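Data first, discussion second: the structure below is written as structure tokens.
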Amino acid sequence: MALFHVARYGGLEEAGEEAEADGRARALLERLRRRARERQLQKQQPQQEPPQQEPAEEAPQTAQAAGKRRRRPRRTRRREGGGTPGNPQMLPGKRRKTDSENAGAESKEREPEDESVGAEDAGPPEGSPEEAPGPSAHALVLGGFGRSRTPKVQPFLPVWLAQPSCVGKNVTEGQVPIEDIPEVHPDLQKKLHAQGISSYFPVQAAVIPALLESTACGFLVSRGGYRPSDLCVSAPTGSGKTLAFVIPVVQALLHRAVCQVRALVVLPTKELAQQVSKVFNVYTDATPLRVALVTGQKSLAKEQESLVQKTPHGFRCLADIVVATPGRLVDHVDQTPGFSLQHLRFLIIDEADRMIDSMHQSWLPRVMAAAFPGEGTKGPLALLQRTQLQAVTAASISCPQMPLQKLLFSATLTQNPEKLQQLGLYQPRLFSTGSAPGGPRDPDVDEDRDSGGKYTFPAGLTHHYIPCSLRLKPLVILHLILEMNFSRVLCFTNSRENSHRLFLLVQAFGGVTVAEFSSRYGPGQRKTILKQFEQGKIQLLISTDATARGIDVQGVQLVLNYDAPQYLRTYVHRVGRTARAGKSGQAFTLLLKVQERRFLRMLEEGGVPGLERHDTPSELLQPLVPRYEAALSQLERAVKEERRQKEA
Ligand SMILES: Nc1ncnc2c1ncn2[C@@H]1O[C@H](COP(=O)(O)OP(=O)(O)OP(=O)(O)O)[C@@H](O)[C@H]1O
């Protein structure tokens, strides 16, 4: 109050008024202090303390009262700017630290007191803390700078994320016979049967009708004249997400008149793009629809030939569906004459969480700019241009436009609204198998936790971990492979160097057909390796995380994590290479002592079901030791030789 009067220009004629007001303020302040003291005494009475004593001098009678009194004088002293009585050399910074060190413990034991301070704060204005002479009055009434426990902010999910359309987790349960979804075109139903598929998996049974519904009125608008909602799908690995978009997209495009790029699928790796384009090829076979693969596996010119053709009147589009990796897609947007996304109806972002992570490459803004090139056009033509998302107004819906619908798929779809916001989704709808979509989440904790708490795993997958020393890791892997004798085993390491060394070692050990898969090899070689693995010519494939996502190799019975994955998301995708499409599979993770606690906690928080410890007694490893030691010496020689060749 006094501060207010001093700061303001009063002028001579106001001097008298000012003194009067000052007097009034002081009287009010005195009254408030008195009242505060009374309240303080009232509080102390139930604890039978002598009412006339100042808190600083009181002998503590209960632990709580002692806690209260010990702290109050200290706070007062700090504000007065003096040295700490018992420790005059202590620097102010140090004093602050000491206080904050105590804060955690204090806030717990002091909760009731803190509340009372809060209640006081809610009362009438009581002057600045600097003016308070006595510790008791200051601590209770003035200032309000004491630490009070602030209520924990609960994360708030938008309704569409918090209340998804639930999809059955278990692909073996809740399958829907193909005939039970008659909206699917008979030709496509026949194709499904021809592929040995007689019923839809739960995610397909939920997503296919929803997508077909949004194309029921053809290309221009969705049912009722509205723009269709964008769809997000979060379902476990191997649950059939690919067909969930392939079938409705192919059906929607079946009756197109002119070939234009209407569907664009963007995926993070060449191998995944290749796999998805294969599925599209199966279902577009014997239709006029054409699929182009744009990943950089072929030269730019070759890919251009599959996308556009030069004619005397301009360019002719040659692909209805383009499956691409983001980098190469942008190359074509920039460099391929006649390549147009103006007629794009579906933008499918597979492995969406990974694609969101690659947003810094700005591939999405480039695609959107190519899909809405005429924005800003003036004149009568402006009416014919399609425009990006905007507020729905009478004007914006008066001329029907072909919508661009985004479809997101992942086994670990982020539920972090801030990340999803980057995609500019329109009235999104989420299909999820997650048990607790709005469950415990804290997007700030770490990158991996933004799934909404728990991931869903294939029902047929069993999880194990093996405590192991660094020295014994390769021996344990060899023991597992030889003991289980599975025909297809996928083993993950955290670096291509580790993959290579383990490969050399297993090769030197012998008895297992082994190959490695990493960026050491070019796209062509990688393709061959995957093919041989699929054909069963390779028993053990040692890989970096290049094959962790999306790769669908039938018959992988065992996944080994030679190096424990750092993030839960990585774990989900790695182990998801087995137990696909309702089959069973096993996952083993080798853990060093130092990794054990963090890893087990990560899996527990991620909702990994029935994780089992698996010990390998040394008697089991002993018989392998002589061969292993010979292999180690061979590895040493091989590494030296490689080094020599590199230097040469
Ligand atoms: N309805 C079905 N009936 C039988 N098999 C199916 C069905 N749908 C898909 N599959 C098969 O299931 C396997 C896994 O499918 P898909 O690759 O689409 O899984 P996904 O959910 O995309 O997995 P990921 O998240 O790992 O990419 C494929 O081999 C596919 O052919």
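In listed order, ligands and their atoms are each counted from 1. Note that the structure is a prediction, hence the values are computed from the model and not measured.
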**Prompt:** Is there at least one protein heavy-atom neighbour under 4.0 Å from atom 31 (O) of ligand 1?
**Reply:** no
**Asked** Touching ligand 1 at all, Glu351? Heavy atoms, strictly under 4.0 Å?
**Response** yes
**Prompt:** Mind checking whether Arg262 and Phe346 have side chains closer than 4.5 Å, heavy atoms only?
**Reply:** no
**Request:** Check Thr433 against Pro236 and note the closest heavy-atom contact, atom names and distance.
**Result:** OG1-CD, 3.4 Å
**Prompt:** What part of Pro236, side chain from CB on, backbone N/CA/C/O, both or neither, has a heavy atom under 4.0 Å from ligand 1?
**Reply:** backbone
**Asked** Considering only protein heavy atoms, which is closest to atom 23 (O) of ligand 1, and at what distance to one decimal place?
**Response** Gly238 N, 2.8 Å
**Message:** Checking contacts here: is it the side chain or the backbone of Arg577 that comes within 4.0 Å of ligand 1, counting heavy atoms only? Could be both or neither.
**Reply:** side chain
**Complete:** Short version for Ser199: what comes under 4.0 Å of ligand 1, heavy atoms counted, is backbone
**Message:** Any non-hydrogen side-chain atom of Leu423 less than 4.5 Å from a side-chain atom of Leu408?
**Reply:** yes
**Message:** Ignoring hydrogens and geometry beyond distance, is a side-chain donor-acceptor pair present between Gln189 and Glu179 at under 3.5 Å?
**Reply:** no
**Asked** Tell me, which protein residue and heavy-atom name are nearest atom 22 (O) of ligand 1, and how many Å apart are they?
**Response** Thr242 OG1, 3.4 Å
**Asked** Should Val184 and Ile208 count as side-chain neighbours, where that means a heavy-atom distance under 4.5 Å?
**Response** yes
**Item:** Modelled atom types, side-chain donor and acceptor of His332 and Gln304, under 3.5 Å
**Value:** no
**Asked** Backbone, side chain, both or neither: what part of Arg549 comes under 4.0 angstrom of ligand 1, heavy atoms only?
**Response** neither
**Message:** Under a plain distance cut-off of 3.5 Å, with no hydrogens placed, do Thr412 and Asp353 share a side-chain donor-acceptor pair?
**Reply:** yes
**Interfacing atoms of ligand 1 (cut-off 4.0 Å, heavy-atom, Gly550)** = 26 (O), 27 (O)
**Asked** Below 4.0 Å from any atom of ligand 1, is there a heavy atom belonging to Ser239?
**Response** yes
**Message:** Please tell me whether Tyr571 and Phe599 form a close aromatic pair, meaning their ring centres lie under 6.0 Å apart.
**Reply:** yes
**Request:** Kindly state whether the ring of His614 and the ring of Phe588 have centres lying under 6.0 angstrom apart.
**Result:** yes
**Message:** Salt bridge check, Asp545 against Arg496: does any charged N sit closer than 4.0 Å to a carboxylate O?
**Reply:** no
**Residue Leu243 vicinity, atoms of ligand 1 by number, heavy atom under 4.0 Å** = 8 (N)
**Prompt:** Where is the nearest protein heavy atom to atom 7 (C) of ligand 1: which residue, which atom, and how far?
**Reply:** Phe201 CE1, 3.3 Å
**Prompt:** His573 near ligand 1, heavy-atom distance under 4.0 Å?
**Reply:** no
**Request:** Using a 4.0 Å heavy-atom cut-off, say whether Lys241 meets ligand 1 through its side chain, its backbone, both or neither.
**Result:** both
**Asked** Taking atom types as modelled, is there a side-chain donor on Thr414 or Asn416 under 3.5 Å from an acceptor on the other?
**Response** no
**Fill in**
Residue, atom and distance of the protein heavy atom nearest atom 8 (N) of ligand 1 read Gln204 NE2, 2.8 Å
**Fill in**
In this structure, atom 17 (O) of ligand 1 is nearest to the protein heavy atom Arg580 NH2, 3.1 Å
**Prompt:** If we only count N/O pairs under 3.5 Å, is Asp552 in contact with ligand 1?
**Reply:** yes
**Request:** Of the side chain and backbone of Gln195, name the one, both, or neither that has a heavy atom under 4.0 Å from an atom of ligand 1.
**Result:** neither
**Item:** Distance-only polar pair, side chains of Gln405 and Arg345, donor-acceptor under 3.5 Å
**Value:** yes
**Request:** Can you sort out which atoms of ligand 1 are near Gln554, meaning under 4.0 Å from one of its heavy atoms?
**Result:** 29 (O)
**Fill in**
protein heavy-atom neighbour closest to atom 11 (C) of ligand 1 works out as Ala581 CB, 4.0 Å
